[in-house]
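Worksheet: the structure to be examined is printed underneath.
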Amino acid sequence: MDTVRVRFAPSPTGFLHVGGARTALFNWLLARQKHGVFVLRIEDTDMARSTEASLEGILEGMRFLGMDWDEGPDKGGDFGPYFQSQRLHLYKEYADQLLQSERAYECFCTSEELNAMREEARAEKRDPKYDGRCRHLSADEREAKRAAGLTSVLRFATDYDGQTTVDDRIRGLVAFDNRQLDDFVIFKTDGMPTYNFAVVVDDALMQISHVIRGEDHLSNTPKQIQIYEALGFAVPQFAHIPMILGPDKTRLSKRHGATSVTQFRDEGYLQEAMVNYLALLGWGYDDSQTVFAPSELIEKFALERVSKNPAVFDLKKLEWLNGVYLRDLDLPTLTAAALPFFQRAGLVDESPTTEQTARVERVLETLQPRLKRLDEIEVSASYFFQDVVEYEEKAARKGLLKGSAQEILTFLAKHLNTVSTFDEPTLKPVFAAAMEQFDCKLGDVMQPVRVAVTGTNSSPSMYEVLPILGREVTVQRIQNAVTFITVKQEEES
RNA sequence: GCCCCCAUCGUCUAGUGGCCUAGGACACCGCCCUUUCACGGCGAAGGCAGGGGUUCAAAUCCCCUUGGGGGUACCA
């Protein structure tokens with residue numbers, strides 16, 4: 001079998017978004033599974049919108065997801081260059097070939113003319129297509145227009161007879177009537193080729209075997225097939241994968257919140273979780289499995305199993321999956337992944353000491369079962385590193401300003417000061433004593449302590465939290481809470 | 001407008017004519033575990049868009065309607 005050569009061809013006009021990443025992923029998975037080649041090609045022919053920053057963002061996103069490319073920027077390869085802006089001579093060459101064979105022609109129409117043409121067509125309820133008026137200009141007429149200083153574009157001389165059929169790996173045979181097409185532009189006045197032309201020249205020259213891309217490209221495929229044929233190129237296999245939608249069922253965009261891959265990384269999503277979730281968007285394996293490690297995806301991915309219908313991006317499921325992967329991490333790995341988030345939150349120094357790192361590790365051990373995103377750390381781990389300066393209103397009301405909380409805390413502050421070590425075996429008797437003394441349930445003594453030391457009413461077990469904080473801090477925070485209660489009570493009366 | 005694609009629980013999906021009284025996962029709800037919050041366990045609720053065919057038999061095949069998405073650029 002021939003080598004599988006696939007490509008991801010983003011245009012550097014924004015960040016790598018979820019949709020693009022999913023397209024890249026399907027290409028990458030196929031390449032890796034078939035021991036083929038994954039090409040990254042930058043489609044930067046839109047001079048006005050392409051930026052260097054976007055390119056960097058896209059590469060960063062690709063790296064974050066672990067999708068390495070065999071040919072492309074930073075890598076080179078035998079089919080370069082991999083920036084369309086550097087392949088102009090190639091597009092020129094093939095455009096000339098079309099000119100020679102009269103499958104392309106110069107068009108001198110201005111945009112005003114074109115607009116008028118479309119308006120008129122609409123008014124007469126005809127399709128707003130280019131009418132081919134420059135197609136049969138004589139050599140003399142073209143010369144005259146050039147002499148008059150008119151600029152021109154190159155248009156493809158479309159074949160209007162019959163149908164063009166796309167043989168799609170996912171959708172089967174899709175037929176288009178050629179009369180639907182028009183003589184589309186292949187070279188712009190700015191000297192750049194248009195997408196529909198450049199993509200064909202590149203995919204053919206780069207010997208791409210499978211063109212896997214979003215369904216939004218399906219309707220343009222017949223145009224491209226006509227170019228392949230006019231140029232005598234072999235037509236690759238096509239696979240148009242479904243779109244990704246927002247919760248409102250419209251195409252996913254910034255309006256729907258985070259859609260940039262690097263933003264997800266910054267919010268504390270793991271590479272594996274992200275890749276797993278993206279794979280699930282439009283692909284499924286069987287009736288039982290949803291968690292797939294990257295290596296498993298490479299093994300099990302199949303174009304045949306890609307769904308035909310658009311998928312709604314479900315942040316909740318991504319979060320759940322991220323939690324699954326977070327819980328699966330061993331402590332050193334989790335610590336390495338989470339440290340930047342502690343630093344960003346100002347909980348530890350930029351160059352943490354070994355004691356700090358050890359503490360972070362201990363904290364993570366207790367937090368791990370409830371972690372969904374790493375950026376939650378800023379909130380859920382703060383009390384391990386910083387004083388509790390205020391209590392959540394609800395937590396204070398239910399945990400401190402109720403029942404005998406003040407007496408219980410006073411009792412605890414006194415007795416916790418006497419225990420030798422500070423761990424579950426030594427702590428337990430103290431809480432038991434408090435329960436007996438105040439004739440109450442364990443929760444009645446734990447909740448006040450929890451609020452006192454964390455400021456909230458949700459945290460890991462006190463038997464885990466207290467040893468990490470140590471006796472001094474614990475007792476201090478309990479005393480602070482007692483003072484707080486006293487002040488509140490005075491305010492009341 | 002015209003063309004193309006699509007249509008199973010709220011969401012992602014399994015299902016390729018009988019195995020379907022339609023399976024799983026997330027979310028939701030309830031219960032258990034429990035010092036809170038999570039985690040975990042158990043359970044409930046929830047779907048074949050509608051209408052016609054074909055067939056002994058249809059979620060599965062065909063047609064229509066409806067709905068959604070995409071294309072129709074000198075964007076990609």
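- What separates CG of A:N309 from P of B:rG10 is a distance of 15 Å, to the nearest Å.
- Whole-Å rounding puts the A:N276 CG to B:rC26 P distance at 13 Å.
- The listed nucleotides are B:rC3, B:rU11, B:rU35; the one nearest the side chain of A:Y463 is B:rU35.
- You'll find the ring centres of A:Y391 and A:F484 inside the 6.0 Å limit.
- A:S459 pairs in a side-chain hydrogen bond (donor to acceptor under 3.5 Å, both in side chains) with only one of the listed residues (A:R370, A:R450, A:E464), which is A:R450.
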Dump every N/O contact between nucleotides 17-23 of chain B and the protein below 3.5 Å, one line per pair.
none

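- The side chain of A:R251 approaches B:rG69 more closely than any other nucleotide in the set B:rC5, B:rC75, B:rG69.
- If you take OG1 on A:T13 and CD1 on A:I58, they are separated by 7.0 Å, rounding to the nearest 0.5 Å.
- Checking B:rC3, B:rC12, B:rC74 against the side-chain heavy atoms of A:L280 singles out B:rC12 as nearest.
- Checking B:rU35, B:rC74, B:rC3 against the side-chain heavy atoms of A:S461 singles out B:rU35 as nearest.
- The side chain of A:K249 has B:rU11 as its nearest neighbour among B:rG40, B:rC75, B:rU11.
- In this model, the phosphate group of B:rU36 is not approached by any side-chain N or O of A:R370 to a distance below 4.0 Å at OP1 or OP2.
- Here the straight-line distance linking atom OH of A:Y130 with atom CZ of A:R155 works out to 5.0 Å at 0.5 Å rounding.
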